[in-house]
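As structure tokens, the structure follows; a few thoughts come after it.
Quick note on labels: first sequence line is chain A, next is B, and so on, each numbered from 1. This structure is a prediction, so every number in the text was calculated from the model and none was measured.
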Amino acid sequence: MEKPEKVGGAYDPKTTEEKIYGLWLKSGYFNPDKLPPKIYPKKAKRYTVILPPPNITGSLHMGHALNATIEDILVRYHRMRGYKAAWLPGTDHAGIAAQNVVEKELRKQNISRFDLGREKFVGEIWKWREKYGGVILDQLKKLGASCDWSRARFTMDEKYAREVQAAFVHYHRKGLIYRGERVVNWCPRCRTSLSDLEIEYREEKGKLWRLKYPLKDGGEIIVATTRPETMLGDAAVAVNPKDARYKNVIGKTAVLPIQNREIPVIADAAIDADFGTGAVKVTPAHDLLDAEIASRHSLPFHQIIDERGRMQNAGVCDGLKPPECREIVLKKLGDLNLIESAEDYVHNVSLCYRCGSRLEPILSKQWFSKMGGLAKTAIGAVKSGKTKIYPKNFEKPYLDWLGNVKDWCVSRQIWWGQRLPVWFCAQNQTEISNDHPPAGGPISKQNENSTAEKFAVSVKKPRQCPFCKNCDMEQSADVLDTWFSSALWPFAGLSPADVRKFYPSDVLVTARDIINLWVARMIFSGREFMDKEPFKKVLIHGTILTKEGKRMSKSLGTGIDPLSLIDSYGADAVRFGIIWQATGNQDIRWDEAAVIAGKKFANKLWNASRFVAANQTASPQKVEKKSDGFRPRGATAADKKILKELTRVKKTAEKNIGALEFGKALRDIYDFFWHSFCDRYIEESKKQMEDPAKRESAAATLSFVLNESLKMLHPFMPFITEEIYGTAAAAPPEAGPAGNERRMLMIEKW
RNA sequence: GGGCGGUUAGCUCAGCGGUAGAGCACUGCAUUCACAUUGCAGGGGUCACAGGUUCAAAUCCUGUACCGCCCACCA
């Protein structure tokens, strides 16, 4: 089939996007300090958004694209409304994630981090970061993000890191950070503690064993467990005090099989009489609930699993992994005829959120942040309405979590991150170093916390050891939780002048999975250090899923790469497609058809503007200002109608953007532009053009409506609108056909 | 165990008290007139199910079913 030669041709995003982004960068307008003072006077209001700092390990995925598109819409819209708009970007050092990535790289050469040693290994991560850490920000540029790149921060920048350490010192001085030996969630692969929020659960088919523990005075008590191997660390058997079945067993002594250790039978209200046999083996060092029970009853903590997740000090199967040990224990118990039964049982196992390894609760010395008071301020911020969460449903999980939150383990035993500003007396070392691979020996003594520990807390190394007066103090080997660091993101690392300009920000846009992990912690940190909530609004957007409703995952190959979409359809079309689907706050089942619709729409815009350009009259157009907008002299009914509709759609767009309803806003503008303007008005204008008396008003109306439409669409589709605006097609009538004194659309008055 | 969403055209979703909408897909017609990445016309839905409130319900209330997500120390 032969196609007729076309004069103008279709819009090609590739040839324009790079050029336009270059123009924006050259203008400097992404930096609010460089906006033209004529348009943005000193007293102009500010509008600030902070970019949730992507991990340096990441590459742009659909979630980032959605997040960034929303933020860019808000920033561009407010910039056009006359606000000194700022969007502050940066990246997160992503402690465990980044360390794991580099460890994996090294493993290919058969090198472990311990082979390199701490300093060299951290050097490797820095090298990696130099090479790849900025990739994701460059990818955001492809999307059209109007971030103030001159203010890009990194959470491991010297200034930022120092402020993170200072925050630790501040909390410690206030008594809000303390050191304690507790049972914590431990990842044996990453060899670090994790906070309660850094755990993922997976259902696993296992068995529930009923084991017989003989009583010293004869008889037996049957306990139910999913992990028989942990019986080697048992310190008691517990029952509910109200459980009639065990009334006369409480206080008696059981004899732990295999080790033949005597353990008490105790009563604790935490035991559910309806589960299993109603009697539970208590393993204080390897179960969070058991640890609580143990501390209530002063039971000993037998640490039988080490930092590598291997059995130790158990007398049986030392050095083996727990599942291997389980077989041995079961065999021995079977031989002793102490297994009552074993039934199939589905239960949740806890996994490391970074590497997916099975976690082992172990007893460990860690640093904890007291959450009580801080949680209260974070609750108050939302309850008082000082920080508003959109949509409102997300307030409940936020408040519920804060209402029951336990102290936050903020120390990590990895190497990549801000070192704890804690200095130990070298003569009285109590810190267990994590700088060497654990030998498998005892990692900490039981109930050691009574010893007075000799450490000083300060950002700088103390000149003189306050304890022995003459040692070279050693800094704690631990680093801070990445989320402790990112909790300070709204202000840390900014110059004092910038803090005044940009704190607090207007809106935080993020995904729901980090409401507690990040948002709540930013809110109380903001209150603690800046005495003010860090943002007025929190917008929780949906998650982009596959068309089948499954999570997008790189490893499963279900992910969609926004960059390849941009390559195929253009950034404007991708932004359009994302926002088209982002109505309400529902999760999005990704449909590429929406991006195709965006590409078609871009083409429509392009061609409509060519038509408008071709129909401009030589002389400047006369327009009258009416209360409801502009109206050309001698306007026809059709002219008036489209102008009236334009006024309406503009107001609706303002309302929708204000309400953070971007999908609605876009659909409405789309419908107006395509159907009202192109299908109806442009067709009508063709007739008007033939009548000399109606020609001028048609030309003026075409130009005016196109011009206004470009402005409305610019936050959504910045590249093509900027490109068209730079041509004569969209010259505002009052500016004359050649478009004198044109500004860039990005700073044009909305 | 608790909480939060969802269930509307073949697909992805809007609508959230007044006689069903969009994009894509589908059917028919129309190409020297900005655009075939088009225009015009059209087909297609007992709005998950069952009760209730109302003059009126996809829309409000109650319950059920299925799907999804989050939280939780049932060992």
Q: Sticking with atom P, work out how far B/A9 lies from B/A48, rounded to a whole angstrom.
A: 8 Å
Q: Could you list the residues that satisfy ring pair (Phe, Tyr, Trp, His ring centres under 6.0 Å) with A/Trp408, not counting sequence neighbours?
A: A/Phe484
Q. What nucleic acid atoms does A/Tyr670 come within less than 4.0 Å of, heavy atoms only: base, sugar-phosphate, or nothing?
A. sugar-phosphate
**Q.** Euclidean distance, atom NZ of residue A/Lys392 to atom C1' of B/G3 [Å, nearest integer]
**A.** 16 Å
Q: Under the ring pair (Phe, Tyr, Trp, His ring centres under 6.0 Å) rule, collect the residues that match up with A/Phe662, sequence neighbours excluded.
A: none
Q: Applying side-chain contact (heavy atoms from CB on, under 4.5 Å), run through A/Thr636 and A/Gln688 and close with a yes or a no.
A: CA-CA 9 Å; A/Thr636 65; A/Gln688 264 183 238; 2.7 Å; yes
Q. Under 4.5 Å between any side-chain heavy atoms of A/Ile540 and A/Tyr398, yes or no?
A. no
Q) When rounded to the nearest Å, what value does the distance between C1' atoms of B/C16 and B/U8 take? A) 12 Å
**Q.** Heavy atoms from other residues, nucleotides or ligands near NZ of A/Lys694 exceed 12 (cutoff 6.0 Å)
**A.** no
**Q.** Test item: A/Gln616 side-chain N/O and A/Val612 main-chain N/O as donor-acceptor pair under 3.5 Å
**A.** yes
Q. Would you say B/A36 has OP1 or OP2 under 4.0 Å from some side-chain N or O of A/Lys600?
A. no
Q | A/Thr69 side chain near A/Ile579 side chain, heavy-atom distance below 4.5 Å | A | yes
Q) What nucleic acid atoms does A/Ala614 come within less than 4.0 Å of, heavy atoms only: base, sugar-phosphate, or nothing? A) nothing
Q: Give the rounded distance in Å between these two atoms: CG of A/Asn656 and P of B/A14.
A: 14 Å
Q) For the side chain of A/Asn603, counting heavy atoms from C-beta on, which of B/A34, B/G39, B/C35 is nearest? A) B/C35
Q: Pick the C1' atom in B/A56 and in B/A20, then give their distance to the nearest Å.
A: 15 Å
(Q) For a quick test of reading the model: is some side-chain N or O of A/Lys604 closer than 4.0 Å to OP1 or OP2 of B/G39? (A) yes
Q.
Does the Lys NZ or Arg CZ of A/Lys686 fall within the cation-pi geometry relative to A/Phe611 - under 6.0 Å from the ring centre and within 45° of the axis?
A. yes
Q: Would you kindly give the CD-to-C1' distance between A/Glu683 and B/A30, to the nearest whole Å?
A: 13 Å
Q) Should A/Asp407 and A/Lys370 be marked as a salt bridge (charged side-chain N to carboxylate O under 4.0 Å, His left out) after you check the CA-CA gap, both sets of side-chain angles, and the distance that decides it? A) CA-CA 5 Å; A/Asp407 287 354; A/Lys370 275 191 195 169; over 6 Å; no
Q) Roughly how far apart, to the nearest Å, are B/G42 and B/G23 at atom P? A) 14 Å
Q: Starting at atom CD1 of A/Ile199, determine the distance to atom P of B/C70, rounded to an integer number of angstrom.
A: 14 Å
Q.
What's the gap between B/G44 and B/G5 when it is taken at their P atoms, as a whole Å value?
A. 36 Å
(Q) So A/Leu545, base contact, sugar-phosphate only, or nothing? Heavy-atom distance under 4.0 Å. (A) nothing
Q) Say you pick atom P in B/C11 and the same atom in B/G28; how far apart are they, in whole Å? A) 22 Å
Q) What does A/His675 touch in the nucleic acid at a heavy-atom separation under 4.0 angstrom: a base, only the sugar-phosphate, or nothing? A) sugar-phosphate
Q. Whole-Å distance between B/C4 P and A/Asn516 CG?
A. 16 Å
**Q.** A/Cys325: disulfide bond (SG atoms under 2.5 Å apart) partners, not counting sequence neighbours
**A.** A/Cys317
Q: Classify the nucleic acid contact of A/Trp674 as base, sugar-phosphate or nothing, counting any heavy atom under 4.0 Å across all strands shown.
A: sugar-phosphate
**Q.** C1' atoms of B/C40 and B/C33, separation to the nearest Å
**A.** 16 Å
Q. Is the Lys NZ or Arg CZ of A/Arg575 less than 6.0 Å from the centre of A/Phe716's six-membered ring, within 45° of the axis?
A. no
(Q) Say we look at B/C4 and B/C74: how far apart would their C1' atoms be, to the nearest angstrom? (A) 23 Å
Q) How does RNA chain B look in dot-bracket notation if pairs are Watson-Crick or G-U with both distances under 3.5 Å, crossing ones as [ ], other-strand ones as |? A) ((((((((.[[[[.)..(..]]]].(((((.......))))).....[[[[[..)....]]]]])))))))....
Q.
Here's a test of your reading of the structure: between A/Ala593 and A/Lys686, which maps to the more 5' nucleotide of RNA chain B?
A. A/Ala593
(Q) Surrounding NZ of A/Lys212 (heavy atoms of other residues, nucleotides or ligands, distance under 6.0 Å), is the total greater than 12? (A) yes
**Q.** Spacing between A/Ile669 atom CD1 and B/A22 atom C1', to the nearest angstrom
**A.** 16 Å
Q | Interatomic distance where CG belongs to A/Asp668 and C1' belongs to B/A14 [whole Å] | A | 12 Å
Q: Can you label the angle between the A/Tyr670 ring and the A/Trp580 ring as parallel, tilted or perpendicular, going by 30° and 60°?
A: perpendicular
Q | Spacing between A/Phe611 atom CZ and B/C33 atom P, to the nearest angstrom | A | 12 Å
Q: Do nucleotides 7-13 of chain B as a string where each nucleotide becomes B, S or -: B if the base has a protein heavy atom under 4.0 Å, S if just the sugar-phosphate does, - if no protein is that close.
A: ----SSS
Q) Hey, does A/Lys396 reach any base, or is it just sugar-phosphate, or nothing, if we go heavy atoms under 4.0 Å? A) sugar-phosphate
For nucleotides 73-75 of chain B, give me every protein contact, N/O to N/O, under 3.5 Å, one pair per line with atom names.
unit_1: B/C74; atom_1: O2; unit_2: A/Asp272; atom_2: OD2; d: 2.6
unit_1: B/A75; atom_1: OP2; unit_2: A/Tyr345; atom_2: OH; d: 2.3
unit_1: B/A75; atom_1: N6; unit_2: A/Asp272; atom_2: N; d: 3.1
unit_1: B/A75; atom_1: N6; unit_2: A/Asp272; atom_2: O; d: 2.5
unit_1: B/A75; atom_1: N1; unit_2: A/Asp272; atom_2: N; d: 3.3

Q: Please step through salt bridge (charged side-chain N to carboxylate O under 4.0 Å, His left out) for the pair A/Asp587 and A/Arg512, ending with a clear verdict.
A: CA-CA 11 Å; A/Asp587 286 350; A/Arg512 75 171 96 78; 2.4 Å; yes
